[in-house]
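One-based numbering along the sequence shown.
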Amino acid sequence: QVPLVESGGGLVEPGGSLRLSCEASKSTLDYYAIGWFHQAPGKEREGVACITGRDGTTYYAESAKGRFTISRDNAENAVYLQMNSLKTEDTAIYYCAVRRAPTTATMLRLPDQYDYWGQGTQVTVSS
């Protein structure tokens, strides 16, 4: 198992910002991709954004484009998700996950393509 620890969740008003962190016990360079997913009550887990470990290519869900930014710090073994202009529908548990083997951009959107997961951090957007 590769521990992944998420942090940075909390309660924020609509239009506010949060920065989520995902710290891994191994270098992010060791993974093909690191992804952020979210899961709202009663809904399936969905991809939000991901970044490849080697070259830093990023992918975003349509709902995240223009509002969220994923980044990585290889020296800190960390991946971040900067979330701006938050909406009530962003309320969910946010998880980070890693994938070891190469795959396509389409596959990186799917939760079952990832090997290890963190425990999640709650994000609540409410006035």
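Taken from OG in Ser126 to CG in Leu86, the straight-line distance is 12.0 Å, to the nearest 0.5 Å. How far CZ of Arg99 is from OG1 of Thr52: 13.0 Å, rounded to the nearest 0.5 Å. Between Glu76 atom CD and Ser21 atom OG the span is 10.0 Å, to the nearest 0.5 Å. To the nearest 0.5 Å, atoms OG1 (Thr58) and CD1 (Ile34) are separated by 12.0 Å. Taking OH of Tyr32 as the reference point, atom CD1 of Ile51 lies at 12.0 Å (rounded to 0.5 Å). Summarising the geometry, atom OG1 belonging to Thr104 is positioned 8.5 Å from atom OH belonging to Tyr59; distances are rounded to the nearest 0.5 Å.
Nearest heavy atom pair, residue Gly9 against residue Val123, reads CA-CG2, 4.1 Å. When all heavy atoms are compared, the tightest approach of Cys50 to Gly35 is CB-CA, 3.7 Å. Closest approach of Ser17 and Ser85 over heavy atoms only: OG-N, 4.4 Å. The heavy-atom pair separating Leu4 from Ala24 by the smallest distance is CD2-CB, 3.6 Å. The two atoms that bring Ala61 and Gly47 nearest to each other are CB-O, 3.4 Å, heavy atoms only.
Taking the six-membered ring where tryptophan is involved, the planes of Tyr95 and Trp117 are perpendicular, since the angle between them exceeds 60° and thus also 30°.
Around CD of Glu44, the count of heavy atoms belonging to other residues, nucleotides or ligands within 6.0 Å does not exceed 12. Taking a 6.0 Å sphere around CD of Gln119, one finds it holds 12 or fewer heavy atoms contributed by other residues, nucleotides or ligands. Atom CZ of Arg109 has 12 or fewer neighbouring heavy atoms from other residues, nucleotides or ligands inside a 6.0 Å radius.
Judged by a 6.0 Å distance limit and a 45° cone about the ring axis, Arg19 is positioned over the six-membered ring of Tyr80.
Side-chain rings of Tyr31 and Tyr116 stay apart, their centers remaining 6.0 Å or farther from each other. Annotation: Trp36 is not in aromatic contact with Phe68 [ring centroid separation under 6.0 Å not met].
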Assess whether side chain to side chain contact (heavy atoms under 4.5 Å, CB included) is satisfied between Ser7 and Thr121, documenting all intermediate values.
CA-CA 6 Å; Ser7 62; Thr121 185; 5.7 Å; no

I would like to know whether Tyr114 and Leu108 meet side chain to side chain contact (heavy atoms under 4.5 Å, CB included); could you show each step before the answer?
CA-CA 8 Å; Tyr114 287 76; Leu108 287 176; 3.6 Å; yes

Let me see the working for Thr91 and Gln122 under side chain to side chain contact (heavy atoms under 4.5 Å, CB included), right down to the final yes or no.
CA-CA 8 Å; Thr91 295; Gln122 175 71 46; 4.1 Å; yes

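Side-chain atoms of Glu23 do not come within 3.5 Å of backbone N or O of Asn77 as any donor-acceptor pair. Checked by atom type and distance alone, the side chain of Arg72 never pairs as donor or acceptor with a backbone atom of Asn74 at under 3.5 Å. Looking only at distances, no side-chain donor or acceptor of Glu46 sits under 3.5 Å from a matching main-chain atom of His38.
Leu110 and Ile93 fall into different hydrophobic clusters, defined by Ile, Leu, Val, Met, Phe, Trp and Tyr side-chain heavy atoms under 4.5 Å apart, directly or through other members. Clustering ILVMFWY residues whenever any of their side-chain heavy atoms sit less than 4.5 angstrom apart, transitively, puts Leu20 in the very cluster that holds Val12.
Side-chain N/O atoms of Asp30 and Ser27 include no donor and acceptor closer than 3.5 Å.
By the side-chain hydrogen bond (donor to acceptor under 3.5 Å, both in side chains) test, Asp90 pairs with Arg67, sequence neighbours left out.
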